[in-house]
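Below: one structure, written as structure tokens.
Just so we're clear, the structure is a prediction, and the values are computed from it rather than from any experiment. When reading the values below, keep in mind they use all heavy atoms of this one structure, side chains included, and skip hydrogens, waters and symmetry mates.
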Amino acid sequence: MGYLAKRKLEERERITLYLLLMIIPLLTFLGALGGGLDRRLDYIGEFKMHAAFLSVFLCLFCLYKRLFAIAGCFFLFVLMNLFLTASHYHFFEQESLLPPDAPQFTLFYQDLKGADDKAGDLQILIANNDADLVLLTNVPVSVYELLHDIAPDYVLQNQTANDEGKMMLVLARSPSSARGVLDGDDALWVSRIIGERKLTVVLSVLDDPFEPENYDAARAKMTRIADFVSSRDEPVLFIGDLKASDWSRLTYDLKETGKLSLKEPLRFGTPATYPFFLRRPVASVYAHPGIEVRNIYPVTDMDLRAQGISALVKMTPVKKEVRFYELQPTVSEEILMRQNAAN
């Protein structure tokens, strides 16, 4: 490479780096602060971890080029995006605070959009996970018609009636105590008895919520689900592929109105068919305090756009009443004095 060509390349590199020095923090702040104002800003906010990954690469590149001041700026961008991510997610599963004998059950969840010809794969997946509760969304009619063959050990607990491949199903090995469907098929729910505790499990899904024609409807749907959650007297566990991260405006009402919190560590799951570094963080498991969701494993065996998950759910046990001992009856002072004098 000639001298002039080398100088032009270095100049282009510097211009690109300076542009990225302005673009990365600008988009980070717009995504963090403007998510509640505009759909596009909310979508930009989904890429905080991508900005962190890009900043790591640029920091290393600048160190190689001995541009230490610019490398320091990109390192700050890494820390900034990791801090914003850590404000919503744990990077690793937290230690359990519940006793080993706490009531618990296992669940398996899978969104089946695009699984019209994968009934056999689903059968193997359900058998291998051997969960107590199976939750399915966007179930194609071709899969629904083979349900008894796919899950012969389970009983259908609740469903939404839909012949366009958008059914939601809840299957379990034991009966539920109540069930229902929210208006407009927003979600379905079942009440379960776990040990001595009652729990409501809510199932829903969002399809391409950041598309212009879907975003407002998705927000309204999540608001109605949050209102239902807040109306329940017992703890609630929400499961669903929202195709959005925990910092998205789409999950705001679940947390503020429904008083739910995210129960899963950072997981890059959408779209599941993309390379890892192009996937966005997902939020699909929310619950009230006193509920722990542990051993969450992504399930990608079916090669679908959405990851499935298997998990263990633990609940705070009912506090047992203390049986107090009876007190010895009191004796008058005169009687005690006479007894002491006699002794």
(message) Can you confirm whether more than 12 heavy atoms, excluding those of F91, are under 6.0 Å from its CZ atom?
(response) yes
message = Do L242 and Y286 make a side-chain contact, defined as non-hydrogen atoms from C-beta onward lying under 4.5 Å apart?
response = yes
- Hey, what's the ring geometry for Y89 with W247, parallel, tilted or perpendicular (30° and 60° as the breaks)? perpendicular
Of all heavy-atom pairs linking P100 and K314, the shortest is CA-NZ, 4.5 Å
The reported gap from OG in S204 to CD1 in I225 (rounded to nearest 0.5 angstrom) is 3.5 Å
- Message: Just so I know, are the side chains of F61 and L17 near enough to count as touching, which here means a heavy-atom distance under 4.5 Å?
- Response: yes
Applied to residues 164-196, the ring-ring contact (aromatic ring centres under 6.0 Å, His included) test, sequence neighbours excluded, yields W189-F228
**Asked** For F68, does the CZ atom have more than 12 heavy-atom neighbours from other residues, nucleotides or ligands under 6.0 Å away?
**Response** yes
task = Decide if atom OH of Y252 counts as having more than 12 heavy atoms of other residues, nucleotides or ligands within a radius under 6.0 Å.
result = no
Mind checking whether F57 and M80 sit in one hydrophobic cluster, side chains of I, L, V, M, F, W, Y counted as touching below 4.5 Å?
yes
Under 3.5 Å, side chain of T316 to main-chain N/O of G290, donor-acceptor pair present?
yes
**Prompt:** Any donor-acceptor pair under 3.5 Å linking the side chain of Q159 with the backbone of M167?
**Reply:** no
Please check if the side chain of Q110 supplies one atom and the backbone of A306 the other of a donor-acceptor pair under 3.5 Å. yes
Is any side-chain heavy atom of P289 closer than 4.5 Å to one of K259? no
Sorted by chain and number, sequence neighbours left out, side-chain contact (heavy atoms from CB on, under 4.5 Å) with I15 holds for E11, L19
Do D153 and I126 have side-chain heavy atoms sitting under 4.5 Å apart?
-> no
task = Output yes when R224 and D186 qualify as a salt bridge under the 4.0 Å nitrogen-oxygen rule, no when they do not.
result = yes
Over 12 non-hydrogen atoms of neighbours within 6.0 angstrom of NZ in K255:
yes
Nearest heavy-atom contact between Y154 and A131 is OH-O, 2.5 Å
Minimal heavy-atom distance between S310 and N129, with the atoms involved, is CB-OD1, 3.3 Å
In short, A115 meets M302 closest at the heavy-atom pair CB-CE, 4.1 Å
task: Using the side chain to side chain contact (heavy atoms under 4.5 Å, CB included) rule, take R280 and H50 through it: C-alpha gap first, then chi angles, then the decisive distance, then the call.
output: CA-CA 8 Å; R280 306 195 315 272; H50 299 79; 4.1 Å; yes
Checklist entry - Is R219 close to L250 at the side-chain level, that is, under 4.5 Å between some pair of heavy atoms? => result yes
Flag the pair L82 / M49 as yes when at least one side-chain heavy-atom distance between them is below 4.5 Å, and no otherwise. yes
Between G180 and N158, the two heavy atoms sitting closest are O-ND2, 2.9 Å
(Q) Looking at K198, is its backbone amide N or carbonyl O close enough to the side chain of E234 to form a donor-acceptor pair, meaning the two atoms are under 3.5 Å apart? (A) no
Scanning both residues in full, the closest heavy-atom pair of S248 with D42 reads OG-OD2, 3.2 Å
Rounding to 0.5 Å, atoms CD1 (I24) and SG (C73) come to a distance of 11.0 Å
Sorted by chain and residue number, the ring pair (Phe, Tyr, Trp, His ring centres under 6.0 Å) partners of F210 (sequence neighbours excluded) come out as Y43
Q. Any sub-3.5 Å donor-acceptor pair from E46's side-chain atoms to S245's backbone N or O?
A. yes
By salt bridge (charged side-chain N to carboxylate O under 4.0 Å, His left out), D185 pairs with (sequence neighbours left out) none
Here the gap from D246 atom CG to S261 atom OG, rounded to the nearest 0.5 Å, amounts to 9.0 Å
Members sharing V181's hydrophobic cluster, built from side-chain contacts under 4.5 Å between Ile, Leu, Val, Met, Phe, Trp and Tyr, are F105, L107, Y109, L133, L135, M168, V170, L188, V190, I194, L199, V201, L203, V205, L237, I239, V285, I291, V293, I296, I309, V313, M315
Please say whether more than 12 non-hydrogen atoms of neighbouring residues, nucleotides or ligands are located less than 6.0 Å from CZ in R279.
yes
ask   = Does the H288 side chain pair with the main chain of G258, one donor and one acceptor, at a distance under 3.5 Å?
value = yes
- [ ] Begin with the C-alpha distance, continue with both residues' side-chain angles, and end with the deciding distance and a verdict on side chain to side chain contact (heavy atoms under 4.5 Å, CB included) for N295 and E93.
- [x] CA-CA 8 Å; N295 302 338; E93 187 170 274; 3.7 Å; yes
Under 4.5 Å between any side-chain heavy atoms of L54 and F77, yes or no? no
Residue pairs passing the salt bridge (charged side-chain N to carboxylate O under 4.0 Å, His left out) test with at least one member in residues 112-136, sequence neighbours excluded, are K113-D208, D130-R173
- [ ] Check whether any side-chain N or O of K48 sits under 3.5 Å from a backbone N or O of N81 as a donor-acceptor pair, and report yes or no.
- [x] no
Joint hydrophobic cluster, F74 plus L79, side-chain heavy atoms closer than 4.5 Å:
no
Side chains of S191 and T200: do they bring a donor and an acceptor to under 3.5 Å?
yes
ask   = Is L169 linked to V155 within one hydrophobic cluster, defined over Ile, Leu, Val, Met, Phe, Trp and Tyr using a side-chain heavy-atom separation of less than 4.5 Å?
value = no
Can you confirm whether more than 12 heavy atoms, excluding those of R40, are under 6.0 Å from its CZ atom? no
Could you state whether L146 and L112 fall into the same hydrophobic cluster, counting links through intermediate Ile, Leu, Val, Met, Phe, Trp or Tyr residues with side-chain heavy atoms under 4.5 angstrom apart? yes
Rounded to the nearest 0.5 angstrom, the CG-CE distance for D227 and M222 is 11.0 Å
State yes or no: do F29 and F75 share one hydrophobic cluster built from I, L, V, M, F, W and Y residues joined by side-chain heavy-atom distances below 4.5 Å, directly or via other members?
no
Rounding to 0.5 Å, atoms CG (D216) and NZ (K221) come to a distance of 14.5 Å
**Asked** Is a side-chain N or O of E264 found less than 3.5 angstrom from the main chain of L262, in a donor-acceptor match?
**Response** no
Side-chain donor/acceptor of E196 to backbone N/O of P317, under 3.5 Å | no
To the nearest 0.5 Å, atom OG1 of T137 lies from atom CG of D111 at 3.5 Å
- prompt: Taking C-beta and beyond as the side chain, do K243 and D207 meet within less than 4.5 Å on heavy atoms?
  reply: yes
(Q) Go through it in stages, so that I can follow the logic: the residues are V143 and I150, the test is side chain to side chain contact (heavy atoms under 4.5 Å, CB included), and I'd like the CA-CA distance, side-chain angles, deciding distance and then a yes or no. (A) CA-CA 8 Å; V143 172; I150 293 172; 3.7 Å; yes
Open item on the list: Assess, by modelled atom type and distance only, whether the side chains of Q104 and R294 contain a donor and an acceptor separated by less than 3.5 Å.
Closed with: no
